[in-house]
Each structure stands twice: as C-alpha cells, then as structure tokens.
Trainee: 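A single structure is presented below for examination.
Protein chains get the first letters and strands the later ones, always in sequence-line order, with residue 1 at the start of each. Just so you know, these numbers come straight off a predicted model, no measurement behind them.
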2 protein chains.
Amino acid sequence: MSTSGVPTRRGRPGYDQQGVLDGAVELFNLHGYDATTMDMVAAHLKLSKGALYHHISSKEQLLELALDRALGALEGVLADSRKLGDAAARLEFLMNGAVDVLARELPSVTLLLRLRGNSAVERAALDRRREFDARVTELIAEAQSDGTIRRDIDPGAASRMLFGMLNSLTEWYRPDGSGDGPRIAADMLTVALDGLRAP
Amino acid sequence: MSTSGVPTRRGRPGYDQQGVLDGAVELFNLHGYDATTMDMVAAHLKLSKGALYHHISSKEQLLELALDRALGALEGVLADSRKLGDAAARLEFLMNGAVDVLARELPSVTLLLRLRGNSAVERAALDRRREFDARVTELIAEAQSDGTIRRDIDPGAASRMLFGMLNSLTEWYRPDGSGDGPRIAADMLTVALDGLRAP
DNA sequence: GTCTATAAATGGATAGAC
DNA sequence: GTCTATCCATTTATAGAC
C-alpha cells in the first residue's frame, strides 16, 4: 500500500485517501489549518471539491488522521524506550527517537505542535501530547536521581526546554536529500546535553 | 496613558484602542488568529461588533499593532546590545533581554511566533523577524571566533536551537505573580550555555 | 471517480438610530 | 460610544449528472 500520495492501483487514475491526506497536510502547514480552505486543498490536488469529498468525510477528519499519525509515532518511541535499562539510556534513546520522528514525520508533527484546542479532535490530541510530556518529565526526574542530568533545574522545566529545542526543528529543518539529518540530530543532542559554551 | 486595558479617562465609560487590542490579542493566542472571529472578540470585551469597529478599522489592524509591539521590543534589545564591547557580552545581554521581552510582552510575541505569512501584514512581520534572526546568527559567529561559543556547531543552527529553546517560553510560561520569572530566565541561560548533563 | 451547481451557515465589515 | 440590523463574500458540505 502506498503512502506517498502516488496512486498504486493498476490502471486506476485518481487519489487514494493517503494521497489526499498528504496534500492536505502540506497546505495545512503552509498556511495554518484554519486559514486553509477545502477549495485550496482541492485546487492543490487538482481536484474539484466534489471529488475531494469522495475520499474523505470532512476537513476535520484530515486533521484527525494526521494527528494520529504524529502521536502514534511519538508514543511508539516512548514504548520502545521502556525496553532499556537505566534512565540515562532510556532518555538518550528517547531524545534520538524524538528527533528521528520529527524529521521523518515532519508534516504531521508540525501540525500537532501548532494545535490550539479549538475542537474535540484537537483537545483529544492535546491530551495525548500532555501524557507524552508527563512521561518525559518522569524520565528526566529519574535521570536526575541517577546523577545523569543536572539537579539544579526543575524536571518539568528541563523537559520543556529540551523539547522546546527539539520541536523547533519543525520550524526550520527542511529535508533536502543531502543526508544532513543525522548530523543535525547529533548536534541537537550535543547542545541539549553540553550547551553552547566552548569547552 | 493606560496600556492595561482598563480605561482611564475620568468619568468616561468604554474602551480605548489599547484595551481593545489587549483583549483581542488574548483571544488570538487562545484560539489562533484565524480561528478567532470578530464576534468572539466583541463578546470577550462585552461589546457589540458595531462598537468594536468604532475603535479599530479591521481585524488585520489588530494583528499589525500587536506584531509591531513585539518586533519593536525585540529590535530594541538588539539595538541596546550594540552598545556593549565584545561579542560574549553582547550575546549574553541579548539572551537575557530576549527572555525578558518574551516574559514582558508574552501575548504579542506569542502571536509573532505563530505567523504563517498569510497576508502582506504577516509577511512584513516575518521579514523583520528574519532580519533579527540574521543579526543573532552574526553575533553567534562572532562569539565563535572569540572562543566563547563552541565552534563545532554551525552558527545558523546554533541560533535556531538557542531561540527554539527561548521561544518555547511562549508555549508554557505563564506569569503568576510568584516572581519566578528571573529564576526561569537564569535556568534557561544555564541550560543553553552549559546543557542538561550533570556537571 | 470526477464534475458542476448549490445549499446552509458563518465571517468581516458597515449603516444608521440612540 | 454603543446598539441592532444587515450586506455580501466566503466556507463547509451535499446533490445529482456523467
């Protein structure tokens, strides 16, 4: 099954739902969800509005599908991190995994990070995100007990600063095929752990 | 002249423009600019829409006024930083000043950081913001030459990571009168410069 | 699976009375 | 300075033909 937006069923023209979703999310991130109209989405896909609504049931369904994708990926990394031993290893795995998800699922995560809670769908996604944040804070507190993370910063504040930096990726990182993703991920972890000051 | 939203002209009821602006920006940040209707703004101020338009000429003017306030404050800190001597001192002043502006002008800066460039007003503000970012990157490059800031990170990336962390304040810091602002500012500079790792 | 046409509701903004 | 009433463009979504 294709997730690239290019239809795969042999001989059949037109979009599948994933292709419609990818095009819509691209526009949502370009102009913001609220400022993007279904006319714009249809034009972007070179479809009429009637044809667009053949693939999806509502504008909000597009948002819901994208948010579930982003949250599923982040929660997956969190679940995988639980398999590791000490807090330091779990935190490092989580930081790496989060940057990886941000880069790989940039469109859907970008959408997630801009939510304001204007509908039931948005509020449900924000709840799931808060749950994720709470788990990260717990992990940081544990790593502080271990002596891995500095103890002079409140774990909640540390978690927000860490993900404030990581999440800013959605505002400036644009994959360009140059393969610089791993380098930027490594740089972010360096700065998050050791700071900007010259050693 | 009051900037608190509470009218000051003796005996005269009703709002001045600043009061209307403050109420509107509060709603813009709560729901997003595009998702906020002028009906909502009027209801929030306990005014009719007709009365609301007596104080301002358009929804976009409210946005423009708020963005100018945010950008003016940030550009002011940048201008003041130029009075200092070496790059290290100027960068430290700028980091402190930026956190201070973020906290003091939280509503208008929050609005600025969420822009998507959907209109001429938004694009002009984004241009001013890019100019600010370019100056920060220059300053970081200079501090790298001085040996103050680590040289193994690209100055543009370092600038984005730094302000990614600082700007995240708009997503979680809520002044509560407890006077914890200076503490949080100091913590952010500690983490930005020396990292989260236990010393 | 796509199209045109249109329904139904909402949005920004204005008119004119008080 | 505020109100009610209204205009007109836009928006989400559906109907029904091909």
Trainee: Which is true for B/L47 with a 4.0 Å heavy-atom rule: it touches a base, it touches only sugar-phosphate, or it touches nothing?
Mentor: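 Sugar-phosphate, backbone atoms only, no base.
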Trainee: Are the side chains of A/T110 and A/E171 in contact, using a 4.5 Å heavy-atom criterion?
Mentor: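 Side chain of A/E171 against side chain of A/T110, heavy atoms only: no contact under 4.5 Å found.
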Trainee: For nucleotides 11-18 of chain C, give me every protein contact, N/O to N/O, under 3.5 Å, one pair per line with atom names.
Mentor:
unit_1 : atom_1 : unit_2 : atom_2 : d
C/dG12 : OP1    : B/K59  : NZ     : 3.0
C/dG12 : OP2    : B/M38  : N      : 2.8
C/dG12 : N7     : B/K49  : NZ     : 3.1
C/dA13 : OP2    : B/Y53  : OH     : 2.7
C/dA13 : OP2    : B/K59  : N      : 2.9
C/dA13 : O5'    : B/Y53  : OH     : 3.4
C/dA13 : N6     : B/K49  : NZ     : 2.8

Trainee: Between atom CD in B/Q17 and atom P in D/dT2, what is the gap in whole Å?
Mentor: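 The distance from CD of B/Q17 to P of D/dT2 comes to 13 Å, rounded to the nearest Å.
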Trainee: Do A/M38 and A/L52 have side-chain heavy atoms sitting under 4.5 Å apart?
Mentor: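 A/M38 reaches A/L52 side chain to side chain.
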Trainee: CG of B/L45 versus P of D/dT2: gap in Å, rounded?
Mentor: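 The answer, rounded to whole Å, is 10 Å.
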Trainee: I want to check one thing: is the phosphate of D/dT2, taken as OP1 and OP2, less than 4.0 Å away from some side-chain N or O of B/H54?
Mentor: no
Trainee: Ignoring hydrogens and geometry beyond distance, is a side-chain donor-acceptor pair present between A/S178 and A/D176 at under 3.5 Å?
Mentor: yes
Trainee: Side chains of B/E131 and B/D127, heavy atoms from C-beta outward: is any pair under 4.5 Å?
Mentor: no
Trainee: Both conditions, 6.0 Å and 45 degrees, for the charged tip of A/K59 above the ring of A/Y33: are they met here?
Mentor: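 Yes, A/K59 sits over the ring of A/Y33.
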Trainee: Do B/L106 and B/P175 have side chains that get closer than 4.5 Å, going by heavy atoms?
Mentor: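 Touching, per the 4.5 Å side-chain cut-off.
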